[in-house]
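Notes follow once the structure below has been shown.
Just so it is clear, the structure is predicted and the values come from calculations on it, not from any experiment.
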Amino acid sequence: MHRPVLLVVAHGSRDPRHAATVHDLVRRVRSLRPGLRVETGFLDFNVPSVQGVLESLDAEGVREVVALPLLLTRAFHAKSDIPAVLAEAPPRLRIRRAGVLGPSPLLLSALERRLYEAGLTPADKSSTGVVLASAGSSDPEAIAVIAEIAREWRHTGWCAVRPAFASASLPRTEQAVAELRALGCARVAVAPYVLAPGRLPDRIARGAAEADVLADVLGPAPEVARVLLERYDEARVPLLAAVGA
């Protein structure tokens with residue numbers, strides 16, 4: 001039996017770096033699981049659209065798809081936009097929606113990878129305060145998840161970890177940096193908890209002006225690609241059980 005096609009559903013952006021990073025991540029996923037067909041669709045700004053990809057798959061005769069939201073938290077896009085666009089899919093397609101990527105221990109590993117690539121070492125952890133800087137959301141569930149990730153990450157040995165948000169919620173990145181300075185951390189690092197460059201990640205970078213270290217976005221980190229495959233497998237199991245595979 002053919003494995004269901006993995007459709008990565010990305011938000012899209014006017015910033016060309018966004019789509020380029022999404023495609024780099026998808027290439028990484030393909031490299032980790034040769035033979036799995038992985039397609040990419042965008043909700044807005046970029047092509048192909050999610051609807052266009054679904055229609056093309058249907059025309060090819062594909063019948064099983066796992067749609068995976070390229071999102072770190074369950075906020076508006078995961079709860080509203082993506083279900084709406086999937087509801088418009090051709091009726092012959094059997095679509096199962098995978099969970100969002102976060103939270104996951106692998107994503108914490110990816111965050112640390114980016115911090116070490118930016119110049120920190122494991123020996124710096126106990127004297128370094130980290131700002132976990134996310135895009136932000138008006139959804140209380142999403143905000144609570146970011147706060148909980150910061151609490152969990154603090155227990156892995158960092159001097160302190162504080163959440164920050166580029167929009168919709170407070171504190172901003174620069175406020176969290178100042179708070180960690182006041183706390184007495186010897187150095188302050190900003191770890192963007194975002195998948196791809198764009199307007200809000202640029203705002204995070206500006207807010208990190210007084211920090212000692214600014215890590216890159218998560219992007220195509222191997223740990224992120226592994227999370228995508230985990231979510232695919234989790235969604236695929238009930239689908240295969242339903243057809244007796």
Side-chain angles (χ1 to χ4, degrees), residues 5-34 36-50 52-53 66-78 81-82 85 98-104 106-119 130-137 142 146 149 164-167 173 189-208 213-232:
V5 171
L6 170 56
L7 172 59
V8 176
V9 180
H11 182 271
S13 171
R14 292 185 178 89
D15 189 322
R17 297 173 297 169
H18 174 90
T21 302
V22 170
H23 291 310
D24 286 345
L25 175 59
V26 168
R27 280 191 287 272
R28 172 88 68 174
V29 172
R30 292 185 181 121
S31 73
L32 290 177
R33 191 167 295 182
L36 173 62
R37 181 172 177 180
V38 187
E39 300 290 343
T40 308
F42 295 90
L43 293 173
D44 206 355
F45 302 117
N46 303 106
V47 292
S49 68
V50 175
V53 174
V66 170
L68 191 154
L70 196 60
L71 300 168
L72 293 171
T73 59
R74 268 182 46 80
F76 180 78
H77 297 301
D81 287 353
I82 292 176
V85 74
V100 297
L101 303 185
S104 166
L106 284 170
L107 293 177
L108 286 181
S109 296
L111 287 166
E112 296 206 356
R113 170 190 291 275
R114 293 300 188 228
L115 286 170
Y116 297 150
E117 290 170 349
V130 179
V131 178
L132 178 68
S134 77
S137 173
I146 298 299
I149 291 170
F165 308 94
S167 67
T173 301
V190 174
Y193 190 59
V194 293
L195 288 166
R199 179 176 58 88
L200 294 179
D202 284 349
R203 186 179 296 173
I204 290 171
R206 290 193 297 272
V213 173
L214 170 62
D216 199 358
V217 299
L218 294 172
E223 296 88 353
V224 179
R226 287 168 57 198
V227 176
L228 264 71
L229 290 172
E230 282 188 357
R231 298 294 179 258
Y232 170 80

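- Taking 4.5 Å as the limit, every side-chain heavy atom of Phe42 sits out of range of all side-chain heavy atoms of Val47.
- A 4.5 Å side-chain heavy-atom check between Leu106 and Val224 finds every atom pair outside the cut-off.
- Put simply, the side chain of Leu229 reaches to within 4.5 Å of the side chain of Val29, judged on heavy atoms.
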Before giving the answer on side-chain contact (heavy atoms from CB on, under 4.5 Å), spell out for Val38 and Tyr232 the whole-Å C-alpha distance, their side-chain angles and the decisive distance to 0.1 Å.
CA-CA 11 Å; Val38 187; Tyr232 170 80; over 6 Å; no

List the steps, then state whether side-chain contact (heavy atoms from CB on, under 4.5 Å) holds for Val213 with Val130.
CA-CA 9 Å; Val213 173; Val130 179; over 6 Å; no

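- Considering only heavy atoms from C-beta on, Leu32 stays 4.5 Å or farther from Leu228 through its side chain.
- Applying the salt bridge (Lys or Arg N to Asp or Glu O under 4.0 Å) test to Arg37 and every residue at least two apart in sequence or in another chain returns Glu39, Glu60.
- Proximity of Val22 to Asn46: side-chain heavy atoms (C-beta onward) are nowhere separated by under 4.5 Å.
- Remark: side-chain polar atoms of Arg231 are not paired, donor with acceptor, to backbone N or O of Ala98 under 3.5 angstrom.
- Between the side chain of Ser134 and the backbone N or O of Phe165, no donor-acceptor pair lies under 3.5 Å.
- Applying the salt bridge (Lys or Arg N to Asp or Glu O under 4.0 Å) rule to Asp15 yields the partners Arg17; only residues at least two apart in sequence or on another chain are considered.
- Val194 pairs in a side chain to side chain contact (heavy atoms under 4.5 Å, CB included) with only one of the listed residues (Thr21, Leu200, Val217), which is Val217.
- Of the possible polar contacts, none joining the Arg74 side chain to the Val100 backbone as a donor-acceptor pair under 3.5 Å is found.
- With respect to the salt-bridge test (charged N to carboxylate O, under 4.0 angstrom), the residues Asp202 and Arg199 do not qualify.
- Partners of Arg33 by salt bridge (Lys or Arg N to Asp or Glu O under 4.0 Å), not counting sequence neighbours, listed by chain and number: Asp233.
- Between Leu107 and Ile149, every side-chain heavy-atom pair lies at or beyond the 4.5 Å cut-off.
- The closest side-chain heavy-atom distance from Asp216 to Glu117 is not below 4.5 Å.
- Asp44 places no side-chain N or O within donor-acceptor distance of the main-chain N or O of His11, the cut-off being under 3.5 Å.
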